[in-house]
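In what follows, every chain begins at residue 1, and chains take the letters A, B, ... in the order their sequences are listed.
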Number of protein chains: 2
Amino acid sequence: MLLSKSCVYALRASLYLASKNENGYIPIREMSEKLDISFHFLTKILQQLTSEGMLESYKGPNGGVRLTRSGEEISLMEVVLAIDGDYMLTECAFGLPGCGVMKPCPIHEKWAETRDNIKYMLESTSLTELSKKGKEFNLRMTADGGFNDI
Amino acid sequence: MLLSKSCVYALRASLYLASKNENGYIPIREMSEKLDISFHFLTKILQQLTSEGMLESYKGPNGGVRLTRSGEEISLMEVVLAIDGDYMLTECAFGLPGCGVMKPCPIHEKWAETRDNIKYMLESTSLTELSKKGKEFNLRMTADGGFNDI
DNA sequence: ATGATTTAAGAGTATCTTATCCTAATATAC
DNA sequence: GTATATTAGGATAAGATACTCTTAAATCAT
Ligand code: FES
Ligand code: FES
């Protein structure tokens with residue numbers, strides 16, 4: 001799989017936050033229920049995003065998490081880097097050490113091109129862009145629910 | 001990671017076989033040593049390729065495995081499908097069920113494009129193409145060894 | 001102050017992937 | 001036939017990823 005499951009959960013949750021253009025904090029419990037993701041697991045993942053500075057959190061009643069910047073400024077890449085790291089973008093497709101530094105492997109040229117393509121897609125897509133599209137076409141965020149159910 | 005480790009081992013081994021344009025069987029032990037892959041693990045992986053019909057095997061002295069068709073006709077995609085299945089090419093990037101069948105998720109459009117790109121790269125690259133390039137430029141197949149060491 | 005709500009943090013469990021080991025089964029060479 | 005080389009296949013272990021549970025800390029409402 002391209003992205004880890006944790007990373008996908010992080011993306012869906014970030015998208016959820018970006019779609020709420022309120023300024024308040026959103027409880028993780030609410031997100032976990034709407035997005036159908038285990039509450040405790042999601043909590044851990046969002047803690048990572050918080051410690052990376054992408055989210056800020058607040059405890060107690062009316063607490064929760066929110067984006068530190070506008071969803072317009074946050075790319076999917078930022079979320080992926082925070083959770084999965086840059087592994088996908090720097091490692092050799094053959095698993096050999098030092099891609100781009102040492103002598104390339106036979107698949108390097110082709111892989112570098114494909115990788116750039118993936119990279120560009122993640123970098124050029126913002127949370128707001130997906131959120132807008134989701135709202136407009138009522139795209140689904142869960143196994144069966146549409147965007148406007150959340 | 002895009003491809004599983006098993007799949008990467010399978011690709012490297014297939015490439016090794018394609019680079020030997022002899023008609024005889026190549027022992028797995030030889031491959032495992034040259035490519036620096038655990039013998040027993042590699043054996044299991046190649047058994048899968050054999051049962052998929054991509055390789056044929058022969059037991060006993062002078063036994064081993066060989067490609068059933070010319071390396072020219074075998075694409076990287078074929079190896080990937082045999083080991084990792086079509087998961088990467090059919091599943092939703094958000095992990096939701098029924099990508100392409102049910103209502104799309106917000107990232108579907110972008111992901112489908114990226115996925116097509118990956119697919120095209122794997123389909124349009126043959127074992128022989130990489131093998132030729134590997135020989136010509138002495139590209140590396142192991143952590144430190146060049147193609148012409150194998 | 002007390003109790004309710006919510007995130008933080010860490011330990012514990014399950015499941016999947018990767019790797020190792022051992023025993024068969026098959027083929028060759030002598 | 002006996003010894004040797006080699007793949008086939010199952011059982012098990014180690015490691016990583018995914019998930020669960022419990023307790024602590026912060027904040028608010030009364
Ligand atoms: S060295 Fe293998 S992909 Fe770059
Ligand atoms: S439905 Fe999510 S990528 Fe196709």
Side-chain angles (χ1 to χ4, degrees), chain A residues 1-13 16-17 24-68 80 82-85 87-88 91 94-95, chain B residues 1-13 16-17 24-68 80 82-85 87-88 91 94-95:
Chain A
M1 206 166 10
L2 188 65
L3 304 172
S4 73
K5 233 167 164 184
S6 296
C7 188
V8 168
Y9 289 162
L11 283 169
R12 290 208 284 141
Y16 184 92
L17 291 172
Y25 292 97
I26 312 276
I28 301 178
R29 174 74 64 182
E30 173 189 326
M31 277 193 275
S32 79
E33 280 166 4
K34 290 285 182 63
L35 297 175
D36 202 27
I37 300 171
S38 147
F39 167 69
H40 286 104
F41 195 39
L42 183 58
T43 296
K44 287 220 174 310
I45 295 165
L46 297 188
Q47 270 169 29
Q48 251 180 287
L49 294 182
T50 302
S51 77
E52 297 278 342
M54 205 189 95
L55 302 183
E56 54 193 346
S57 67
Y58 202 76
K59 290 176 186 171
N62 305 316
V65 296
R66 70 179 175 201
L67 299 172
T68 48
V80 171
I83 303 296
D84 279 353
Y87 189 88
M88 183 182 56
E91 291 302 296
F94 272 7
Chain B
M1 202 166 15
L2 187 68
L3 305 171
S4 72
K5 227 165 168 186
S6 297
C7 188
V8 168
Y9 289 163
L11 283 170
R12 290 208 284 141
Y16 184 92
L17 290 173
Y25 292 96
I26 312 277
I28 301 178
R29 174 74 65 183
E30 173 188 327
M31 276 194 274
S32 80
E33 280 165 4
K34 291 285 182 63
L35 297 175
D36 201 27
I37 300 171
S38 146
F39 167 69
H40 286 104
F41 195 40
L42 183 57
T43 296
K44 285 215 178 312
I45 295 166
L46 297 188
Q47 271 169 30
Q48 251 180 287
L49 294 183
T50 303
S51 77
E52 297 278 340
M54 206 190 94
L55 302 182
E56 53 194 345
S57 67
Y58 202 77
K59 289 175 185 172
N62 307 315
V65 296
R66 69 180 175 200
L67 299 172
T68 49
V80 172
I83 303 295
D84 279 352
Y87 189 87
M88 182 181 56
E91 291 302 297
F94 273 6

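- B:Ala13 approaches B:Leu42 most closely through the heavy-atom pair CB-CD1, 4.0 Å.
- Put simply, CD1 on A:Ile37 is 16 Å from C1' on D:dT17, counting in whole angstrom units.
- Atom NZ in A:Lys44 sits roughly 15 Å away from atom P in C:dT13 (whole-Å rounding).
- Separating the CD atom of B:Gln48 from the P atom of C:dT18 is a distance of 11 Å, rounded to the nearest angstrom.
- Nearest to the side chain of A:Lys59, among C:dA19, C:dT7, D:dC19, sits C:dT7.
- Rounded to a whole Å, the CZ atom of A:Arg29 is 12 Å from the P atom of D:dC21.
- Atom C1' of nucleotide C:dT18 and atom CD1 of B:Ile83 are separated by 14 Å, given to the nearest angstrom.
- Nucleic acid contact class of B:Phe39 (heavy atoms, under 4.0 Å, all strands): base.
- Here the CG-CD distance, from B:Leu35 to B:Glu30, works out to 9.0 Å after rounding to the nearest 0.5 Å.
- In terms of phosphate contacts, A:Ser38 brings a side-chain nitrogen or oxygen within less than 4.0 Å of OP1 or OP2 of D:dT20.
- Side-chain proximity of A:Gln47 to D:dA18, D:dT7, C:dA8: nearest is C:dA8.
- Per the geometry, CD1 belonging to B:Ile26 stands 16 Å off C1' belonging to D:dA5, to the nearest Å.
- In this structure, CG of B:Leu42 is placed 14 Å from C1' of C:dT20, rounded to the nearest angstrom.
- Candidate nucleotides C:dC22, D:dA18, D:dT7 were compared by shortest atom distance to the side chain of B:His40, and C:dC22 ranks first.
- The phosphate of D:dC19 (OP1 or OP2) has a side-chain N or O of A:Lys5 nearer than 4.0 angstrom.
- Contact between the side-chain N/O atoms of B:Ser6 and the OP1/OP2 oxygens of C:dT17 is not found at any separation under 4.0 Å.
- With distances taken from any side-chain atom of A:Pro61 to the nucleotides C:dT20, C:dA4, C:dA29, the minimum falls on C:dA4.
- Checking A:Gly60 against A:Thr50, the closest nucleotide of DNA chain C that is more toward the 5' end is the one next to A:Gly60.
- Residue B:Tyr58 places its side chain closer to C:dT28 than to any other of C:dA8, D:dG9, C:dT28.
- Residue contacts for B:Leu46: at a heavy-atom cut-off of 4.0 Å it reaches no nucleic acid atom on any strand shown.
- C:dT17 atom C1' lies 11 Å from atom CG of B:Asp84, rounded to whole Å.
- Applying the 4.0 Å criterion to OP1 and OP2 of D:dT27, one finds that A:Tyr25 has every side-chain N and O outside that range.
- A donor-acceptor pair under 3.5 Å is formed between the side chain of B:Thr68 and the backbone N or O of B:Gly53.
- Aromatic ring orientation, B:Phe41 versus B:Tyr9: perpendicular (interplanar angle above 60°, classes split at 30° and 60°).
- In terms of heavy atoms, B:Val8 sits closest to A:Gly95 at CG1-N, 4.3 Å.
- Comparing D:dA29, D:dA8, C:dT18 by their closest approach to the side chain of A:Asn62 singles out D:dA29.
- Contact between the side-chain N/O atoms of B:Ser57 and the OP1/OP2 oxygens of D:dA8 is found at a separation under 4.0 Å.
- Taken from CD1 in A:Ile28 to CG in A:Leu46, the straight-line distance is 5.0 Å, to the nearest 0.5 Å.
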